[in-house]
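So that the names make sense, note that chain A is the first sequence line, chain B the second, and so on, each numbered from 1.
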There are 2 protein chains.
Amino acid sequence: MTTHDVREHVIGTADALFYGRGIQAVGMDVLKAESGVSLKRLYTLFPSKEAIVLAVLERRHALWSQGLETAIEAASSPRDRLLAVYDYLADWFCIDSFRGCGFINAFGELGAVSPSVADAVRSHKRSFQASLTRLVHDIGGSSELAAQLAILAEGAQTTAAISGTPEAAGQARRAAESLIALSDAGLREALAVTS
Amino acid sequence: MTTHDVREHVIGTADALFYGRGIQAVGMDVLKAESGVSLKRLYTLFPSKEAIVLAVLERRHALWSQGLETAIEAASSPRDRLLAVYDYLADWFCIDSFRGCGFINAFGELGAVSPSVADAVRSHKRSFQASLTRLVHDIGGSSELAAQLAILAEGAQTTAAISGTPEAAGQARRAAESLIALSDAGLREALAVTS
DNA sequence: GGCTGCTGAGAACGTCCGTTCTCAAGGCTG
DNA sequence: CAGCCTTGAGAACGGACGTTCTCAGCAGCC
């Protein structure tokens with residue numbers, strides 16, 4: 001068991017605990033008990049609890065981005081790659097332990113009190129929007145469309161979390177399909193006269 | 001200064017504090033200092049801090065719903081009434097103290113630890129979805145469209161909160177206009193063949 | 001006016017948090 | 001094998017939390 005392995009183990013345990021119960025609801029002694037790593041060692045591995053929180057967010061970002069990328073690459077057409085984002089969300093919402101976006105949760109809990117947490121959340125969301133923008137540009141869509149699709153994805157996450165059902169993913173996906181179809185067909189101007 | 005007035009004053013003060021700093025970040029002594037109401041009195045007015053949190057959520061729901069209703073009623077056509085929802089969001093996002101949806105924040109912070117808070121958040125969101133569904137039905141739209149527009153509104157709130165800019169409101173509004181136009185024109189079938 | 005009962009303020013309480021300290025055990029060096 | 005030095009565990013610490021207690025002040029009544 002190398003130091004690095006223990007570190008990763010602690011981060012993984014902390015991730016599950018923080019995500020499942022809320023960050024402030026998990027004390028260092030609980031993390032000690034669940035990870036089997038003594039307090040002394042925890043504090044030699046990390047300078048503070050906040051550092052653990054940041055490491056957890058980093059890991060969560062890496063896993064999430066990697067999973068998303070894998071889902072995207074599995075699709076064949078540019079349009080399917082874009083829609084794969086929502087299928088990825090749908091799969092995620094169905095997991096038992098799903099409790100919303102960990103970044104949004106962390107932001108609500110600590111965003112006003114810890115600037116570094118707020119920054120980590122912001123950069124995660126920026127990264128997601130960048131991925132989406134790239135996919136949208138691949139089908140010739142505008143940045144505006146990318147922003148709209150990102151808003152749908154964000155809304156699906158919070159809606160699924162609060163309602164406790166995964167159906168928001170399908171609704172967001174169908175909404176995205178509509179917006180993409182509109183953009184594809186270049187029908188926005190044509191429809192504008194009817195509204 | 002009646003008991004009722006003091007109660008309302010405490011709830012208002014607590015709302016501002018909880019929303020601005022996070023619920024767990026505000027202790028009872030801070031609430032005492034900011035409201036000018038002694039701890040003894042606070043605990044005669046409310047049985048616990050959690051009761052104050054619930055009262056705050058109730059008040060926030062009342063104010064928010066009332067503001068939304070006012071914004072809706074000010075619009076003249078059914079379509080404008082529906083889009084007024086997003087203009088209401090836009091105005092809200094521009095307020096300096098905007099820090100996201102207080103209910104989403106509370107859910108992320110306490111949803112896993114306090115079932116009553118989770119319930120309050122769920123019923124607020126259900127109420128919002130019900131309002132939206134009513135407005136959508138008034139223009140002949142489906143429940144599916146209402147769900148999609150709700151997701152857009154949710155996404156706009158978290159996006160605006162995390163990004164720190166109000167532009168998500170406009171993006172969500174334009175996305176909503178697109179979805180409504182598609183629904184209005186009954187063009188979904190026509191477009192399906194092009195996708 | 002003196003006694004009584006109630007309300008007020010905030011000191012005090014127990015608990016739990018994040019963090020540090022003590023000290024015992026073990027491995028490497030000579 | 002003796003000495004030392006690193007590392008381990010978890011008891012201990014200071015502070016902050018939510019909640020309760022004490023007691024001074026002040027009505028109202030005899």
Original post:
Checking A/Ser183 side chain against A/Leu179 main chain: does a donor-acceptor pair fall under 3.5 Å?
Top reply: no
Original post:
With no hydrogens and no angle check, is any side-chain donor or acceptor of B/Lys49 less than 3.5 Å from a backbone partner on B/Ile23?
Top reply: yes
**OP:** Using atom NZ of A/Lys40 as one end and atom P of D/dA9 as the other, report the distance to the nearest whole Å.
**Re:** 10 Å
Subject >> Sequence neighbours excluded, every pair satisfying salt bridge (Lys or Arg N to Asp or Glu O under 4.0 Å) that has a member inside residues 91-120 of chain B >> reply: B/Asp119-B/Arg122
Original post:
If you look only at pairs with a residue in residues 69-78 of chain A, which of them pass as a salt bridge (Lys or Arg N to Asp or Glu O under 4.0 Å), with sequence neighbours excluded?
Top reply: A/Glu69-A/Arg134
Subject >> Spacing of CZ belonging to A/Arg174 relative to CD1 belonging to B/Ile151, to within rounding of 0.5 Å >> reply: 9.0 Å
**OP:** Would you give the length of the straight line joining atom CZ of A/Arg173 to atom CG of A/Asp87, rounded to the nearest 0.5 angstrom?
**Re:** 4.5 Å
Original post:
Do B/Asp15 and B/Arg59 meet the salt-bridge criterion of a basic N to acidic O distance under 4.0 Å?
Top reply: yes
**OP:** Return the residues of residues 43-59 of chain A meeting this criterion: a heavy atom under 4.0 Å from some atom of DNA chain D. Order them by number, or give none.
**Re:**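 Per residue number, the list is empty: none.
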**OP:** Taking only heavy atoms on the protein side, list every residue of residues 25-34 of chain B lying under 4.0 Å from any atom of DNA chain D, sorted numerically.
**Re:**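 Within this stretch, B/Val26, B/Gly27, B/Met28, B/Asp29 sit under 4.0 Å of the strand.
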Original post:
Residues in ring-ring contact (aromatic ring centres under 6.0 Å, His included) with B/Phe103, at least two apart?
Top reply: B/His124
Original post:
Near A/Glu58 CD, under 6.0 Å, is it more than 12 heavy atoms from other residues, nucleotides or ligands?
Top reply: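 Check fails, neighbour count at 12 or below.
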**OP:** Let me know which of B/Val37, B/Ile52, B/Leu39 forms a side-chain contact (heavy atoms from CB on, under 4.5 Å) with B/Leu31.
**Re:** B/Ile52
Subject >> Span of DNA chain C in contact with chain B (heavy atoms, under 4.0 Å) >> reply: C/dG8 to C/dA11
